[in-house]
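Each remark here refers to the structure printed beneath this line.
Just so we're clear, the structure is a prediction, and the values are computed from it rather than from any experiment.
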Amino acid sequence: MNTNSRLSNSIKNISFGLMAQVLQMVLGFVSRTIFIQYLAIEYLGVNGLFSNILTLLSLTELGITSAILYSLYKPLAEKDERKLSGLVNFFAKVYRNIALIIAGIGLLLVPFLHQIVDNPPLQLEKDLILIYLLFLFNTVSSYFLQYKASLLHADQKSYEVSKNNILIFLLQNSLQILILVLFQNFILYLIIQSVMQLSGNLMISRKVNKLYPFLKKYQTETIDAETKSKIYSNVKSTGIVKVSGLLVNSTHNIILNYFSGLVMVGLLSNYNLLIGLASGVIMQVFANIRGSIAHINVTESHEKKIATFNTVNFANFWIYGWVSVGIIFLLNDFIQIWIGSKYVLSIWAVVALALNFYMVGMQNAVWTFKSTFGIFKEGRYVVFFTALINLILAFWLGSIYGLEGILFATAIARLVTNSWYDPYLVYKIALQINPLEYLKKYLFYIVILVVSIAILFGLNMFLPKTSFLIFVVKLMLSLLIPNIVIYLFCRNTSEYQGLYQLISAMFYKIKGKLIK
């Protein structure tokens, strides 16, 4: 089990996580560019549509991953090998059952595919069932060995997963690009994805067996009834959140396909790809410190927990706020230069995408502390209301305003529900301080971002029309202006000082390793 310091673990996890994500970002971008050049845009649409449908099917997982990670933290800290083995054996059975349920429900949808996908091109219509079955296989196969990766994440060894992903990303995307250029075949493209994903899961499984040999020693170990009862209780709570969250996050393409068809879904998918790549890079930082935060919450003082939350939340705002401003200021220009003006969405659609990106991103610190403190039951129904409001508003506003209405519906639903209630729970239960402090900081951060956007668009009035050179100028402005504004507003706060000290400690730790 892990014997390194929290700082060392965080540095390794973040470093390898960023390497994996940057590689995925570069290769994914190249792959998407070639995809657009060699396949019809309807293929992009069906890719996004089937991904959304199967993401919704995965709601049978019921948020068990969060419950798994929480149940592993304490036995890992106590080095309780028998308890860990019993938990892993239990989770293996649970995930196998989930995989079978998803496969069964997924197959039931096959007869209705031609009603779901309206008027596809002839070749796409011929291959529709096979394409869907490949998507279904990818979803189902991921569950058979996923539980082993959870052990690495809980033990602050996410870097092992990232190292594995680097190899898989490189091979998969290289082969997929080759297939698109040589054969323009979407079926082969998906088959490569299936084979590589399965191979990656097998490699992780072998790595876990090697790092935790006691799993083989106690391969018949079970967990006691009390532990199982606690897990099921947490799963019931996280399950409601999981189902509701999927209804919020994974219905855009389905509703958009209903109102506007596959072409508009395809256009949106390009924006989602780019925002997803940015989100993936950022998440490597925050996801890879989850294990360290859990360790702090188990072993450190209450004051240390509060200071850690404030530092992480401020880092969360700085990164997500800065990128959100960049999305609004740059994304349409980038799309126009990358693939052409016919793929550009309205500025209001981009604002809505940036708003949703920021609102979800600002929940990172909150959700991390909520899950590592075991706050599962409290507030579990709030996300249900988020989903309900989102669906009602999405159909209403979507019928009037189309894509923009659907995207703003999600932002409104989040604003009136979990954007304030989840922080309230963390402040009230975990940190035991006045929740109004969070609201004050949240509004303060919004003011900073509005000032940054106002300055950027004020400067934009003096720039000529979009060209590559002008885009580079705007990119430099978006790198400088928000960061300068954030620094000027926040340099004297305790959160800034805490983040500065953390980054300095990480820098000297890395420097020391390099000198050795």
Side-chain angles (χ1 to χ4, degrees), residues 1-4 6 9 13 58 60-103 140-164 197-239 242 287-288 290-299 371-377:
M1 281 176 272
N2 207 327
T3 56
N4 296 328
R6 287 194 298 262
N9 289 325
N13 288 336
S58 70
T60 54
E61 187 258 349
L62 293 178
I64 196 171
T65 301
S66 296
I68 285 175
L69 289 173
Y70 179 69
S71 65
L72 291 171
Y73 293 141
K74 188 175 180 181
L76 279 168
E78 296 174 348
K79 296 180 170 44
D80 188 340
E81 296 182 352
R82 295 182 72 95
K83 183 71 172 286
L84 286 168
S85 299
L87 286 167
V88 169
N89 295 335
F90 172 69
F91 297 142
K93 293 177 184 177
V94 171
Y95 271 119
R96 280 196 290 269
N97 290 333
I98 290 170
L100 293 173
I101 292 170
I102 292 175
V140 170
S141 64
S142 67
Y143 281 95
F144 281 100
L145 297 169
Q146 188 182 47
Y147 64 94
K148 289 194 173 181
S150 297
L151 185 56
L152 292 171
H153 291 304
D155 199 23
Q156 304 177 64
K157 289 183 178 177
S158 297
Y159 58 87
E160 296 290 356
V161 180
S162 297
K163 286 193 287 186
N164 181 77
Q197 179 176 287
L198 194 58
S199 301
N201 288 336
L202 289 170
M203 290 167 64
I204 285 292
S205 178
R206 285 197 293 267
K207 173 62 72 174
V208 170
N209 291 339
K210 182 179 178 181
L211 290 173
Y212 307 94
F214 60 84
L215 293 177
K216 186 175 181 181
K217 179 181 177 182
Y218 300 115
Q219 59 186 342
T220 59
E221 187 73 23
T222 58
I223 56 175
D224 58 85
E226 183 182 355
T227 301
K228 192 179 294 187
S229 176
K230 286 181 180 177
I231 292 172
Y232 281 135
S233 177
N234 289 336
V235 167
K236 288 177 185 177
S237 301
T238 56
K242 171 76 172 181
N288 287 312
R290 181 185 294 268
S292 298
I293 290 173
H295 195 263
I296 289 171
N297 291 338
V298 170
T299 62
S371 62
T372 55
F373 266 100
I375 304 174
F376 296 120
K377 290 183 179 180

Open item on the list: Show the nearest heavy-atom pair for residues Gly200 and Asn164, with the distance to one decimal.
Closed with: O-ND2, 3.3 Å
Task: Side-chain heavy atoms of Asn89 within contact of Ile223, under 4.5 Å - done: no
Open item on the list: Once rounded to the nearest 0.5 Å, what's the spacing between atom CG of Leu152 and atom OH of Tyr212?
Closed with: 5.0 Å
Task: Which residues share a side chain to side chain contact (heavy atoms under 4.5 Å, CB included) with Lys163, sequence neighbours left out - done: Phe16, Tyr159, Glu160
- [ ] In sequence, state the C-alpha distance, the side-chain angles, and the governing distance for Leu151 and Leu215, and then conclude on side chain to side chain contact (heavy atoms under 4.5 Å, CB included).
- [x] CA-CA 11 Å; Leu151 185 56; Leu215 293 177; 4.0 Å; yes
TODO: Measure the spacing between CZ of Arg82 and OG1 of Thr222 and express it to the nearest 0.5 Å.
DONE: 9.0 Å
Task: Separation between NZ of Lys83 and CG of Asp224, rounded to the nearest 0.5 Å - done: 6.0 Å
Open item on the list: Return the NZ to NZ distance between Lys210 and Lys216, rounded to the nearest 0.5 Å.
Closed with: 14.5 Å
Open item on the list: I'd like to know if the side chain of Ser85 and the backbone of Glu81 have a donor-acceptor N/O pair within less than 3.5 Å.
Closed with: yes
- [ ] Just jot down the salt bridge (charged side-chain N to carboxylate O under 4.0 Å, His left out) partners of Arg206, sequence neighbours excluded, or say none.
- [x] none
